[in-house]
Amino acid sequence: MSATEQPVTPLERDQVRSVGTAHPRVDGPLKVTGRAAYAVEHREAPYDAQPLHAWLVQSTVARGRVLAVDAAQALAHPGVVAVLDHTSAPRLAEPDGDDERDRELEVLQDDRIDFRGQVVAVVLAESSEAAREAAGLVEVAYDDQPHEAAFEATDDTYEPETVNPAMPARTEEGDVDGALAGAAVVVDATYETALEHNNPLEPHAAIAHWDGEVLTLADSTQGVHPVAQTLAPLLGLEQSQLHVVAPYVGGGFGSKGVPHAPEMAVALAALAAPGRAVRLAVTRQQMFALTGYRTPTRSHFRLGADADGRLVAIEHEVLEPTSRWKEFGEQTAAPTRMMYAARNRRTGHRLVPLDVAVPSWMRAPGEMPGMFAHEVAMDELAVACGLDPVELRIRNEPDVDPETGKPFSRRGLVDCLRRGAERFGWAGRPAEPRATPDGDWWVGTGVAAATYPAMLNAGNEARISAADGGHYDVAIGAVDIGTGARTVLQQIAADALGVDASCIRLRIADTDLPVATVAGGSSGTASWGAAIVATAQRFRADHGDSPDAGVWTQAEATDAQSEDHALHSFGATFAEVRVHRWTGEVRLPRLLGVYSVGRVVNPLTARSQLLGGLVMGLSAGLFEESFRDPRTGHVVTQDLATYHVASHADVRDLQVEWLNEEDPHASPVGGRGIGEIGIVGTAASIANAAFHATGTRVRSIPVTADRFLG
Ligand code: MOS
C-alpha cells in the first residue's frame, strides 16, 4: 500500500490537550516489573525457547591476514554446533554497479584484518556457556602486519570532502587572518576531547531466525527500518524478507543508530542454521571494539575580538582520527559555523586514518566535542577581556544565522543565559579566579552555552485506522529506545485526532508497520510526530470525526519544516565545582541547565532526557575516557570499572528547566528535539568552573585530579 503525501499543518495551541501534560510513561509498569522483552528475551515463535547461542571470536592483531582458523578443539566441546569463519560463512551479495559495500558490515567475507577486535569467527552452541568456552578454544593464525593506532598527525592526514552526516568539511568567510592580526584580543589555544565509548545499559543484542523465506531479527536498535534497509541488500534479500522488531531497547545514544558488525554476524549465523533461532548477546567488553565510539578530537581555536569582547574572527581547525578502511569524520566544527556573530570565520576538519575500529555516533556527535572547545575558548576570551562570561555571550549574539543568513525560528540563548544566571545565583560571582576557598576546597562557578539543530527527517509514514468504541489504531515503525517515544507519540496522535490519549492504541518498532527513520539526531518526536499529525489530518478530512470502524489512512507529511528559517535549540549550563587543594579531587555539587527547545510534549519524559544529557555531559567532563594501547590497537578500558560512567555518588544537585515556547517552523509538533542538547556544553561549564575555582585552565576532558597538582 502506498502513502498519500499530505501537507501538514502544525498543531494549533487550542488543539493541544494531551501534549504538554505529564502523561506517565506508558511502558513504565512493564519495564519495572521485568515483563518488557528486550532483544534476546524474545521467546515467542519464531524465536524459540531453545535458541542457538552465538559467541564472537575477535582478532588479536590490529592489521594483517587470517592465515587459518582451527576450530577442531572448539567443535569437540560439548554443545558446540558450528564455527563460522571467512571460509565458511554465507556470502554477501555482490554490490550493485560501482557501489562499495560497507566494510564494517563485510563480516567473515575475507581474510583481511583492519582493526583489533574484528570478528574473525562465530561459534554456535546449544548454550551460551558452551559458546563462550568454545570461542576461547578457536585457534586463529595471523599474518600480523604493522599498524598505526596512535592519534598523532601523520603523513596520511587528509582533509575529507564531507563530515558527518554530509556537511562540507571546510568553510571560509571573510579575511580571518587579517582580522586576527588587527584584533585587540586574541585567544589561541588547542582543546581536546577524549576517546569515548557508548555504554547503554542494555548491550547490543539480537536474536535471528531464517525460515528459508524470511529472516526475522529482534534487535536492540534505534531503527528497525534502517536495519532492514541496510542489511537486506547485503544479504541478497528483498526488504520484505527481513522482518525487524525492537519493541524495547535499553538505550542507544547513537551506538545502535546504524547496524554494526554484530547484527551482520547474527544474521549470517541464522542463514547458516536454517530453522533455528540464533541469539547473540554482545558483551560489555566487546562493545569497546565493535559498536562504534566517539573519536577523540583536537580543536585549534583562534578567537579575535575587539576590546569590548565583540568577536571579529573565529577560526576552528579540527584534527581527529578516522579508520583507514571506512571514513567517519566527526562534524566537530559544525556548531562553530552558526553559534556566534563574527564577520570572518574559518572552520575545517582533517582526519588521521588509523588501523582502528570505525568511529560512529555518540550523543551529539559534533556538537558535544566542538562546543566543549568553543565554550572554553569563550571563557578564556571573557577572562582576557575582563568581561562576565554571560555578558560576553550576549554581546556576540547574531541577528541572523551566520551560516545560512536565514532568521532563526527562535534564538533562545540569551533568555536561557539570563534565566539560568538568575536561578543559579550568578550575580555577585567573584570576577577573579581562585577567590573562594572553603576549608581544603577551592570553589568556583562556570557557564557554557549549548546548541543543537532541529532535525526533521523526511520519509516517515503513519497509518491510522478507526477501531470500535471510538478507539484508533496508530502505527509507525518508530523505536522507543527509552526516550519516551511510545508515550509522546500517543499524546501527539490523541491531539491530532481530537480524542483522549486513552483512545489511542499505538503500535511501533516493527518493519511490518509504516516506514520510520532512526531514533537519532534528536529527530524522532518531530519526524514521527509529523507523519502522525499529517496522517490524522488526512484521516479526518477523508473520514470525519465519527469514522466507521475499519476505515484507515496512510500518509507521509510534506512541508513539515520551514526552509526559510534556521532551526536550532539552545541552552545554558551553569556548574559549581569544588577542587580539593591537596588532592585535586573534583566535585560537582550543582549543575543547572536551562533550555530553549520549542514545545515540550511531555514534561516528565523531557525532563528525564535533559537530565540524562546533563549526566552524560558531566560524565564526559569528569570521567569517561577510553584508552587504546597504540602498541596493540586494543582498547584496554573495556568494562565499567576501568571506564567510569558517572554513578549516583557523582551526581548531586541537578536541575533542568525549559522556556515556555512553541516552534511551528521546526515541526508540526512544535518542538525542536531534546535528546542531545543536554550533553552539549555541559563539560565546558565544568572546566570553566574548575578554572574559576583554581585558576588552572584545563583545555581537555575529562577534567581529572592530576590537572590541579604540581
Ligand atoms: Mo544519536 S548520536 O543522534 O543516535
Side-chain angles (χ1 to χ4, degrees), residues 104 163-167 193-204 219-227 229-230 246 249-260 263 287 291-297 320 328-332 334-335 358-372 450-457 460 477-485 509 516-528 567-569 597 605-606 608-610 612-617 619-620 624 645 666-667 671-683:
E104 190 181 10
V163 288
N164 176 59
M167 304 181 184
T193 61
L195 169 62
E196 286 191 301
H197 282 82
N198 275 307
N199 275 284
L201 197 55
E202 180 200 24
H204 294 237
D219 192 10
S220 185
T221 178
Q222 293 172 225
V224 289
H225 286 98
V227 167
Q229 288 156 0
T230 305
V249 177
F253 307 114
S255 69
K256 297 171 184 171
V258 291
H260 295 292
E263 276 135 314
M287 288 172 59
T291 55
Y293 59 91
R294 192 195 301 284
T295 200
T297 70
E320 55 200 13
F328 178 90
E330 177 115 353
Q331 72 276 34
T332 304
V358 62
S360 187
W361 298 340
M362 183 163 175
R363 206 173 199 166
E367 278 75 17
M368 185 275 181
M371 287 295 282
F372 168 73
T451 190
Y452 197 82
M455 290 194 244
L456 191 150
N457 292 322
N460 285 277
V479 177
D480 184 337
I481 62 173
T483 56
T517 52
V518 66
S522 301
S523 68
T525 304
S527 310
W528 310 323
L567 306 164
H568 299 265
S569 285
V597 291
T605 53
S608 181
Q609 283 292 291
L610 293 168
L614 282 180
V615 171
M616 207 161 161
S619 194
E624 291 190 43
V645 175
S667 79
R672 284 191 299 266
I674 48 174
E676 279 151 293
I677 192 163
I679 195 176
V680 180
T682 301

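Both counts, for ligands and for their atoms, begin at 1 and track the order of listing. Since the model is a prediction, treat every value here as computed from it, not as a measurement.
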> So which heavy atom in the protein is nearest atom 3 (O) of ligand 1, and how far is it from that ligand atom?
Replying inline: G521 N, 2.4 Å

> Within the structure, does G520 bring an N/O atom to less than 3.5 angstrom of an N/O atom in ligand 1?
Replying inline: no

> Between Q222 (side chain) and A519 (backbone), is there a donor-acceptor pair under 3.5 Å?
Replying inline: yes

>> Using a 4.0 Å cut-off to any heavy atom of M362, which atoms of ligand 1 qualify?
In response: 2 (S)

> Just wondering, do S360 and H260 contact through their side chains at under 4.5 Å, heavy atoms?
Replying inline: yes

>> Between V645 and E624, is the side-chain contact (heavy atoms from CB on, under 4.5 Å) condition met? List the steps.
In response: CA-CA 6 Å; V645 175; E624 291 190 43; 4.1 Å; yes

>> Using a 4.0 Å cutoff against the non-hydrogen atoms of W361, which atoms of ligand 1 qualify?
In response: 2 (S)

> If you count the atoms of ligand 1 from 1 in the order shown, which ones are under 4.0 Å from a heavy atom of R363?
Replying inline: 2 (S)

> Do ligand 1 and A364 have nitrogen or oxygen atoms that lie under 3.5 Å from each other?
Replying inline: no

> With a 4.5 Å heavy-atom cut-off, do Q331 and P365 have their side chains touching?
Replying inline: yes

>> Just so I know, are the side chains of M362 and E196 near enough to count as touching, which here means a heavy-atom distance under 4.5 Å?
In response: yes

> Which ligand 1 atoms does P365 reach within 4.0 Å, using its non-hydrogen atoms?
Replying inline: 2 (S)

>> Under 4.0 Å from a heavy atom of Q222: which atoms of ligand 1 are those, numbered in the order shown and with their elements?
In response: 4 (O)

>> Is it the case that ligand 1 has an N or O less than 3.5 angstrom from some N or O of E676?
In response: yes

> Looking at side-chain heavy atoms only, is the closest gap between L610 and I677 below 4.5 Å?
Replying inline: yes

> Going by heavy atoms in the side chains, are P200 and M287 under 4.5 Å from each other?
Replying inline: yes

